[in-house]
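Computed from a predicted model, the values in this text were never measured in an experiment. Every chain is numbered from 1, with letters handed out A, B, ... down the list of sequences.
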2 protein chains.
Amino acid sequence: MSSNTDKRKAAQALAAATARDVRTPAVEVGPLANMVGYALRRAQLAVFDDVIANFADLELRPAQYSVLVLLGKSPGLKQSDVAAALGIQRANFVVLFDGLERRGLARRLSTPNDRRSYALYLTEAGEKVLARANELESRHEARLDAKLGPGGREQLLALLSKLAARD
Amino acid sequence: MSSNTDKRKAAQALAAATARDVRTPAVEVGPLANMVGYALRRAQLAVFDDVIANFADLELRPAQYSVLVLLGKSPGLKQSDVAAALGIQRANFVVLFDGLERRGLARRLSTPNDRRSYALYLTEAGEKVLARANELESRHEARLDAKLGPGGREQLLALLSKLAARD
DNA sequence: GTTATTTTGTAGTTTTGAATAACAATTATA
DNA sequence: TATAATTGTTATTCAAAACTACAAAATAAC
């Protein structure tokens, strides 16, 4: 059912990722090049293109992958927790998780403590997909490390966390 | 976009910027924190929130600002050039520029050489808005510098350009 | 213990950004 | 000259995200 459209979407994403042309533009971007926001966005788009192409055959979007990772590490979280941790709106997380559940990768279990909320878990299939995704992810990170050079990742992560921090 | 809806959108953006809660989440994000893509996205969202709030009273989106900057630096560019330099699709740039033109900030002039294309210029009003935006922007960058610490900006820009570079 | 407030998940709508296809006019090339 | 490529454009689609409103359940206040 959704597998057809999912395949198409994955193909689209792959095409977009390989087609996007981020080479140094012929026109000088001038002052923009010194603006952190501009550089940040350009880098984020390039990295996400790589991630999306990387996960294309698993049909996993970055946001979906991050949910799997979180549930793999901390099973039993409730929707609000995961959504808040990832900076996703509660309402939008429902749709996102519905997709994972429909594909049999994760499930909602009702908890005895609180009858409003669900405890979220990966299924067997979800664990398997996560394992494969982690494999691909580590190769992706290795590619980035090659670009960043020795010590680059640590430097970059430290700087980015300073930017993301709320005063 | 009419000026009415623009005002509303600016207000929305401001509200969203101040309302978004990116504090260290209660739930441990674990392995995600070591992934460059995740850190990059979190930082980009935080910085863009600041930019959007920063430009709220000018009713300028980051993409619109970048067009003004480019035309301020290199007047007479054609649409394809600007779009390519900013990584925007030709088709989507039309709408973006329509907005600037309707607000009287920029204009299309036909060129004698090539009757297909337009040469793009800022208007007087556009120059003024750009000047005010640059003012705000430099304060924004100063805020980021305070977060990044001495030498942080140079390090960060160097690392980000490595990531954005097409092999 | 009842009332008020907060939390949680949900549905539906809207906005935004970006991708894509198709097209006409013009220019470049074979 | 015939063919191909470029430029701007319109319209459609899609995915992310934001917002509102709501019902059920838990918690706090009284």
Does a nitrogen or oxygen in the side chain of [X] sit under 4.0 Å from OP1 or OP2 of [N]?
| X | N | result |
| --- | --- | --- |
| A/Arg108 | C/dT10 | yes |
| B/Ser80 | D/dG8 | yes |
| B/Lys78 | D/dT7 | yes |
| A/Gln79 | C/dT10 | yes |

Starting the side chain at C-beta, find the nucleotide from [options] nearest to [X].
| X | options | result |
| --- | --- | --- |
| B/Tyr118 | C/dT16, D/dA18, D/dG8 | D/dG8 |
| B/Arg116 | D/dT9, C/dG9, D/dT7 | D/dT7 |
| B/Ala91 | C/dA21, C/dA18, C/dT10 | C/dA21 |
| A/Arg41 | D/dA25, D/dA16, C/dA18 | C/dA18 |

Quick check: do B/Leu163 and B/Leu40 have side-chain heavy atoms less than 4.5 Å from each other?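 Heavy-atom side-chain distance check passes, below 4.5 Å.
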Would you say the side chain of B/Gln44 lies within less than 4.5 Å of the side chain of B/Val47, judging by non-hydrogen atoms?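 A side-chain contact is absent here, since even the closest heavy-atom pair is not under 4.5 Å.
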Quick one: [X] [atom1] to [N] [atom2], roughly how many Å, whole number?
| X | N | atom1 | atom2 | value |
| --- | --- | --- | --- | --- |
| B/Asp49 | D/dA18 | CG | C1' | 12 Å |
| B/Ile88 | D/dT9 | CD1 | C1' | 16 Å |
| A/Leu60 | D/dA15 | CG | C1' | 16 Å |
| B/Phe48 | D/dA18 | CZ | C1' | 18 Å |
| B/Phe97 | D/dT10 | CZ | P | 14 Å |
| B/Asp114 | D/dT6 | CG | P | 12 Å |
| B/Arg115 | D/dT6 | CZ | C1' | 15 Å |
| A/Asp98 | D/dA15 | CG | C1' | 16 Å |

Side-chain (B/Thr123) to main-chain (B/Leu105) donor-acceptor, under 3.5 angstrom: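 Flag set: sc B/Thr123 to bb B/Leu105 pair under 3.5 Å.
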Closest non-hydrogen atom pair, A/Phe93 against A/Ala83: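 Taking A/Phe93 first and A/Ala83 second, the nearest heavy atoms are CB-CB, 3.9 Å.
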Which heavy-atom pair separates B/Leu130 from B/Gly72 by the least distance, and what is that distance?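 Heavy-atom minimum between the residues: CD2-CA, 4.0 Å.
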Starting at the 5' end of DNA chain D and moving along, which residue's nearest nucleotide shows up first, A/Pro112 or A/Ala63?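 Whichever sits nearer the 5' end wins; that is A/Ala63.
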Give [X] one of three labels, base, sugar-phosphate or nothing, depending on what nucleic acid heavy atoms sit under 4.0 Å from its own.
| X | result |
| --- | --- |
| B/Phe93 | nothing |
| B/Arg90 | base |
| B/Asn113 | sugar-phosphate |
| B/Gln89 | base |
| B/Asn92 | base |

With a 4.0 Å cut-off on N to O distance, would you call B/Arg139 and B/Asp50 a salt bridge?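 So B/Arg139 does not pair with B/Asp50 through a salt bridge.
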